[in-house]
J.: 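First the structure, then my questions, so here it is.
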Amino acid sequence: MSGPAKTTRAGGGPPEGQGTDYSGLALNLVGLVAGIAIWWALTAGGAVGLPPPPQVAVRFADVIASGQLFTDIASSLARVLTGFLLGVILAIPVGFVMGWYKVARSLIEPYLQFFRMIPPLAIIPLAIVTMGINETPKIFVIFLASFLASVVATYQGVISVDKTMINAARVLGARDLTIFLRVIIPASTPFILVGVRIGLGSAWATLVAAELIAAQSGLGFRMQQAQLYYDLPTIFVSLITIGILGLAMDRILLVIERRLTVWQERV
Amino acid sequence: MASKPTPKIVFDHVTRRFDLSDNSFIALDRLSLDIADGEFVTVVGPSGCGKSTALNIAAGLLKPSEGTVLVDGKAVEGPGPERGMIFQQYALFPWLTVRQNVEFGLRIKGEEAARRRQIAERFIELVGLSDFADALPKTLSGGMKQRCAIARAYAVDPSILLMDEPFGALDALTRVQLQDQLLDTWSRERRTVMFITHDVDEAVYLANRVIVMAARPGRLKEIIDVPLPYPRTEEIRLSADFMTIRNRVWQAVYHQ
Ligand SMILES: Nc1ncnc2c1ncn2[C@@H]1O[C@H](COP(=O)(O)OP(=O)(O)O)[C@@H](O)[C@H]1O
Ligand SMILES: [Mg+2]
């Protein structure tokens, strides 16, 4: 599914040049149809043991009609967005403080590197024991994943701001606060946005694991339920929904990113 | 005769050391130099002889290890609006348009919007970028970027311009154009200019005096007067007098 991203990237250049690439889009569509056709062909005889597309489509219709899909989407989305937003909102100031003050960097960085090495899944037992089995541990795990991903990007953005640009601001009369607000923040925006996107990816990646913690609804929870009953179409429905939602959110962030960084020289 | 007027910039035994892991390294060794008000001096010397170090100390971006720099008789403590600076790599703010870049210093000064715009307009026109006032830096050529940086520096009305190889990254033709533009503005407004270059021709063409520096340790080697009249023209650039001075500077720089 990385087709559209690649075509716009390669087309790159000026922001006006980002207009929809119809031939690329047509090819994406062809690829999609071909993929479904292959899936159908492989599963039609029941040989692979996977459900063919019509069966999944019917299940989609069922869970849409019963409203179950929307309940699951709402629960999962609420968890992902809450964890993700909290993570990013905390990561940006922490990243700035780390980039701006050497002392803060030296104090915080060991923890950051350490926790980055622990997969979010491994935090779950601890989260359950200390936070119980309500929403808090699920959101916490997602929060941690997106926080760790974006904090590193933010602080790397801050430390890579061109020194000469800071000097230019200084000789024009800027003091620390002005330099921070008018130079450091805009100059590191591209890095921060990359971090935010990585953070979102991590948040989604952690979702299913988080919903292992005694959930009542959610796309990940639904999949585990389905697994118990060997209900493959429902597993497919959940997987496809998670993929589509993740992709849609990533695309939205990509558009925001491009809007906010049109000034960047892209090579 | 009355006492001599105070020089605009005084380097008084300015030394700068950099501490390396194993030892301390002298980048600038007891530089003493007076620059008169309204004077145009160029500084040439081999790479690493402390040109940028001296300029950054005058700008207030770097502290001397010993000695002081005086501007208008007062010791430099940090950057100040009376000292504008132009960098080789332009150092424009890429997220701001040409106009917003030029207004940056005015905004910090607290000028109100209408006045900011008016001042910016004037300097954008002066450097010939009126048609690009709302363009982002990424759409400009190197020469246009540097003209924008010059307008940005002029806008806060500094009495001193500190320029660190400002035209070093430009092609020969653009460079000559910008040299002439710079001299044109200078002869009207008489800012004091300290201009670093590694191009001997450029150094002679622009300056009242050429400061030649030597490396290891970075120090003043020789000061060469350029008694050629302004406006400097193509004719002067090709004259025998120019050649003579140029050769003297060349000797001073390369036969150390
Ligand atoms: N921040 C720094 N730390 C260590 N050494 C430096 C630093 N800045 C400059 N130097 C050294 O000081 C010397 C003079 O540098 P500089 O003033 O930039 O020379 P120039 O501009 O004449 O090429 C060089 O040898 C350079 O490597
Ligand atoms: Mg230099």
Side-chain angles (χ1 to χ4, degrees), chain A residues 8-9 11-18 92 96 99-100 102 153-154 157-196 255-267, chain B residues 52 55-56 58-62 76 78-98 100-111 134-140 142 145-146 148-158 160-166:
Chain A
T8 28
R9 282 259 158 121
E16 302 81 38
Q18 269 180 53
I92 292 175
F96 272 122
W100 194 245
K102 272 215 171 82
T154 305
V158 174
I159 60 177
S160 62
V161 174
D162 183 2
K163 262 271 181 286
T164 320
M165 209 139 71
I166 294 173
N167 282 341
R170 206 154 254 159
V171 294
L172 287 166
R175 300 300 176 87
D176 276 3
L177 183 65
T178 315
I179 290 173
F180 184 72
L181 295 176
R182 294 193 189 281
V183 181
I184 305 289
I185 290 184
S188 44
T189 300
F191 288 87
I192 294 171
L193 291 174
V194 168
V196 166
V255 169
I256 294 172
E257 184 187 324
R258 301 215 152 238
R259 281 276 156 80
L260 290 178
T261 60
V262 275
W263 51 267
Q264 262 196 310
E265 301 210 31
R266 295 177 209 273
V267 264
Chain B
S52 299
L55 200 77
N56 286 328
L61 292 172
L62 202 63
V76 167
E82 77 287 357
R83 280 159 289 142
M85 193 160 179
I86 313 280
F87 304 86
Q88 178 173 5
Q89 289 310 324
Y90 325 126
L92 295 176
F93 306 114
W95 53 89
L96 300 179
T97 63
V98 167
Q100 291 165 333
N101 264 286
V102 176
E103 287 186 14
F104 189 91
L106 298 168
R107 197 183 265 272
I108 289 167
K109 261 190 170 179
E111 299 281 6
D134 295 307
L136 285 170
K138 71 168 182 180
T139 63
L140 305 179
K145 282 181 182 154
Q146 197 54 293
C148 177
I150 291 171
R152 182 176 69 177
Y154 283 161
V156 291
D157 197 24
I160 296 171
L161 279 184
L162 303 169
M163 308 179 83
D164 195 348
E165 305 197 23

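Proteins come first, then strands; the chains are lettered A, B, ... in the order of their sequence lines, and each starts at number 1. All values derive from a computational prediction rather than experimental measurement.
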J.: So which part of T164(A) gets closer than 4.5 Å to some heavy atom of chain B, the side chain, the backbone, both or neither?
T.: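 Backbone plus side chain of T164(A), per the 4.5 Å heavy-atom cut-off to chain B.
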J.: Supply the atom-to-atom distance E103(B) CD to L172(A) CG, rounded to the nearest 0.5 angstrom.
T.: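 Between atom CD of E103(B) and atom CG of L172(A) there are 12.5 Å.
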J.: Do K145(B) and E265(A) meet the salt-bridge criterion of a basic N to acidic O distance under 4.0 Å?
T.: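 Answer for the salt bridge query: yes.
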J.: Would you say the side chain of R170(A) lies within less than 4.5 Å of the side chain of L61(B), judging by non-hydrogen atoms?
T.: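 Yes, side chains in contact.
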J.: Name the region of R175(A), side chain, backbone, both or neither, that has any atom closer than 4.5 Å to a heavy atom of chain B.
T.: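 For R175(A), no heavy atom lies under 4.5 Å from chain B.
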J.: Could you tell me whether the side chain of W95(B) reaches within less than 4.5 Å of the side chain of I185(A), counting heavy atoms only?
T.: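 No - every pair of side-chain heavy atoms lies 4.5 Å or more apart.
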J.: Checking heavy atoms, do the side chain of R152(B), its backbone, both or neither come under 4.5 Å from chain A?
T.: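 Looking at R152(B), backbone and side chain both touch chain A.
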J.: Within a strict 4.5 Å, meaning less than it, do heavy atoms of the R182(A) and R107(B) side chains meet?
T.: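 They are in contact (side-chain heavy atoms under 4.5 Å apart), so the answer is yes.
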J.: Give the member of G105(B), P94(B), A155(B) that has the highest number of heavy-atom pairs under 4.5 Å with chain A.
T.: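 Option with the greatest count: P94(B).
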J.: State, yes or no, whether a side-chain contact exists between K138(B) and W263(A) at a heavy-atom distance under 4.5 Å.
T.: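 A side-chain contact is absent here, since even the closest heavy-atom pair is not under 4.5 Å.
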J.: Which pair of non-hydrogen atoms, one from G173(A) and one from I108(B), has the smallest distance, and what is that distance?
T.: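 Heavy atoms only, the tightest pair is O-CG2, 3.3 Å.
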J.: Could you tell me the separation between the CG atom of L92(B) and the CG atom of D162(A), rounded to the nearest 0.5 Å?
T.: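 Answer for the CG-CG pair, L92(B) versus D162(A), is 11.0 Å.
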